[in-house]
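Below is one structure, written out as structure tokens; the observations come after it.
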Amino acid sequence: MLHIINKSPQERNSLDSCLRVTQSGAVLLIEDAVYAATRGNAAEAKLREAMGSLKVYALGPDLDARGMSDRLIDGVTAVDYAGFVDLVAEHPNCQSWL
Amino acid sequence: MLHIINKSPQERNSLDSCLRVTQSGAVLLIEDAVYAATRGNAAEAKLREAMGSLKVYALGPDLDARGMSDRLIDGVTAVDYAGFVDLVAEHPNCQSWL
Amino acid sequence: MSEGAIKKFMFVNRKAPYGTVYALEALETVLITAAFDQDVSLVFMDDGVFQLKKGQQTKGIETKNFSPTYRALDGYDIEKLYVEQESMEARGLTEDDLLVDVTVMSRADMGKLMEEMDVVLSC
Amino acid sequence: MSEGAIKKFMFVNRKAPYGTVYALEALETVLITAAFDQDVSLVFMDDGVFQLKKGQQTKGIETKNFSPTYRALDGYDIEKLYVEQESMEARGLTEDDLLVDVTVMSRADMGKLMEEMDVVLSC
Amino acid sequence: MKFAILINEGPYQHQASDSAYLFCKAALAKGHEIRRVFFYHDGVNNSSALTEPPQDDRNIVVRWGKLAEEHKVDLVVCVAAALRRGIKDDNLAAGFRISGLGQLVEAGIEADRLVTFGD
Amino acid sequence: MKFAILINEGPYQHQASDSAYLFCKAALAKGHEIRRVFFYHDGVNNSSALTEPPQDDRNIVVRWGKLAEEHKVDLVVCVAAALRRGIKDDNLAAGFRISGLGQLVEAGIEADRLVTFGD
């Protein structure tokens, strides 16, 4: 299953909630959620831990817009909107954690 | 200063942020923030700690709407909208932590 | 998809009632989905568990109390209501505090259940 | 209040840019407030510090990059920009990452500064 | 005392407009003055004349208009935010007027307290 | 593959509608089908014909209408949510139609994937 998160990890609990119940699959960070995948963010440790069992992606255009592309955590894959579409298509189902 | 919080303490960081920078004055919890003033909520401990230096109020009609009036933490004062108006008038300034 | 296809729809309720409209408008979607004879599951986690709290009295905020609708879901053959245990505990709630009978689930089981769905709507 | 009265206005920016419109529309209010010759302070805390991050490139999301406006504030005599140190550190940012010169403040000093204001607008 | 109110969210989606309305009613009942209610961001959607909520629900738009009429409250919708969101004189509800952000600043200067309601 | 899209937030206030639009454009460019875009909650505000953003900004409403026209995408606005928020045939932008929530469920049934964008 593809889990889509769009909120900053320090503003809301959606990333925490997703990681609490999800054991496998992939997480795509879009919009303000891309901050979770940047070095030095307070969420870095929990994201690294999640990467042990989940594949993590971040939307490149949203990283660019926020000036954060150059500090993406190693092991997180940046994708563009075409890659976003592929991720939805490749996984049997998806969920947006609003 | 009167600090007005309207978000659930477990969904967003507004109560945490307010308590981090505020050393004195009063906090009024309205809308979904009233859950912070109820027994058993994960925010109970931090709210009790804050009550050492801050006066804490919760909006009664919002507690009623959510079925939580009977579990208000001791030491938190429930007020109605008239009490909300009084609190704003009594304090020299106010801030809504949106 | 052919006529009469049945998909597994899950509605994930994570928001408190009244602060926003999501809980109310999600219920409208739930009822319509059941009318289409789909396989409907409702999940309540995080602040969403507050939607099911007994004793809601909305007169003071001059807003409609829609909590009785949860009791009526049964009449629409919507019987799969799941509550995540950790969310309930972190809010000081027990099953006795809830308006309706639910299945309480661990976070791990909740994650597994989500995996089995065809359509997951978060509200 | 009499003609020519000057009040202390503070704008508390706590939200990231682009995810919501608050940062952009708050800037519009800031500029107008300065045009009324008021005493304007801007605070950046929590995700609001991200508004000042250098290197924003919004072409890929087809949205206007409004970050150059922060550099222009100086020209409107808006010079009181405060950043809360704890917020910056929790996001891996340093003063070098920011578009403009700011005063970095501890959380305790930030709380004291807020107390001194006449009007505090949170965005 | 003179209050000014800022509303940043639209009707129904968030409780902000409801809370602000009930605050204003309580303030007026206590003899305070509501100097102005300013609608910004999605708050401008509170002024749509075309709103038709279900019959068993509150009509937030009409309610504001009535309050304005009965108590001479100035309801001002920000023109820039309104244009972005499709609010114009054509669909502006009774009791509201469209004007600039300066009206918010002026209200902040003239009122004793400015109280914000939003998301 | 057939996609259905659900948008829960209005234009400008949140990025949801922008993200959904760019997702749809990318999906169409890859040869996928967008079965339907359904606008719910404040999402209905994306269909206001009266929207007039600043000239140097994107026009979210017009952009959706053009996408619908060029690629025969069905843009459906929920009638109940729309009435609550003042969207009617009078101010409905080109390319959108107003219908019931059943259209969302139907899209969920018929599409291979339903992707939600919101707050």
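The chains referred to below are lettered A, B, ... by the order of the sequence lines, with proteins before strands, and numbering in each begins at 1.
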Exercise for review: Dump the intermediate steps for side-chain contact (heavy atoms from CB on, under 4.5 Å) on A/Asp86 and F/Lys30, then the final yes or no.
Suggested key: CA-CA 9 Å; A/Asp86 290 343; F/Lys30 282 185 154 279; 2.9 Å; yes
**Study point:** chain A contact via F/His14 - side chain, backbone, both or neither, heavy atoms under 4.5 Å
**Key:** neither
**Study point:** A/Gln23 atom CD: more than 12 heavy-atom contacts under 6.0 Å
**Key:** yes
Exercise for review: Determine yes or no for a side-chain-to-main-chain donor-acceptor pair under 3.5 angstrom, with F/Arg113 supplying the side chain and A/Cys94 the backbone.
Suggested key: no
Study note, to complete from the structure: When the 4.5 angstrom heavy-atom criterion is applied to A/Leu2 and chain F, the contacting part is neither
Check your understanding: Under a 4.5 Å heavy-atom cut-off, does chain A meet the side chain of F/Leu6, its backbone, both or neither?
Key -> neither
Point to revise | Trace of the side-chain contact (heavy atoms from CB on, under 4.5 Å) decision for A/Arg12 with F/Asp119 | key: CA-CA 11 Å; A/Arg12 304 223 198 166; F/Asp119 180 37; 3.1 Å; yes
Revision key, fill the gap. Taking every heavy atom of F/Ser19 against every heavy atom of A/Glu31, the minimum-distance pair comes out as OG-OE2, 2.5 Å
Review point. Between F/Ala26 and A/Ala82, which heavy-atom pair has the shortest distance, and what is it?
Key: CB-N, 3.8 Å
Practice item. Any chance you could lay out the side-chain contact (heavy atoms from CB on, under 4.5 Å) test for A/Ile4 and F/Phe117, step after step, and finish with the verdict? Key: CA-CA 9 Å; A/Ile4 303 166; F/Phe117 294 87; over 6 Å; no
Exercise for review: With F/Gln15 as reference, evaluate A/Asp62, A/Asn6, A/Ile30 under the side-chain contact (heavy atoms from CB on, under 4.5 Å) test and give the passing residue.
Suggested key: A/Asp62
Practice item. Let me know if F/Asp18 has heavy atoms under 4.5 Å from chain A in its side chain, its backbone, both or neither. Key: neither
**Study point:** F/Phe23/A/Tyr81 under ring pair (Phe, Tyr, Trp, His ring centres under 6.0 Å): CA gap, chis, key distance, verdict
**Key:** CA-CA 6 Å; F/Phe23 179 90; A/Tyr81 285 99; 8.1 Å; no
Exercise for review: Specify which of F/Thr116, F/Val115, F/Leu22 makes the most heavy-atom pairs with chain A at under 4.5 Å.
Suggested key: F/Leu22
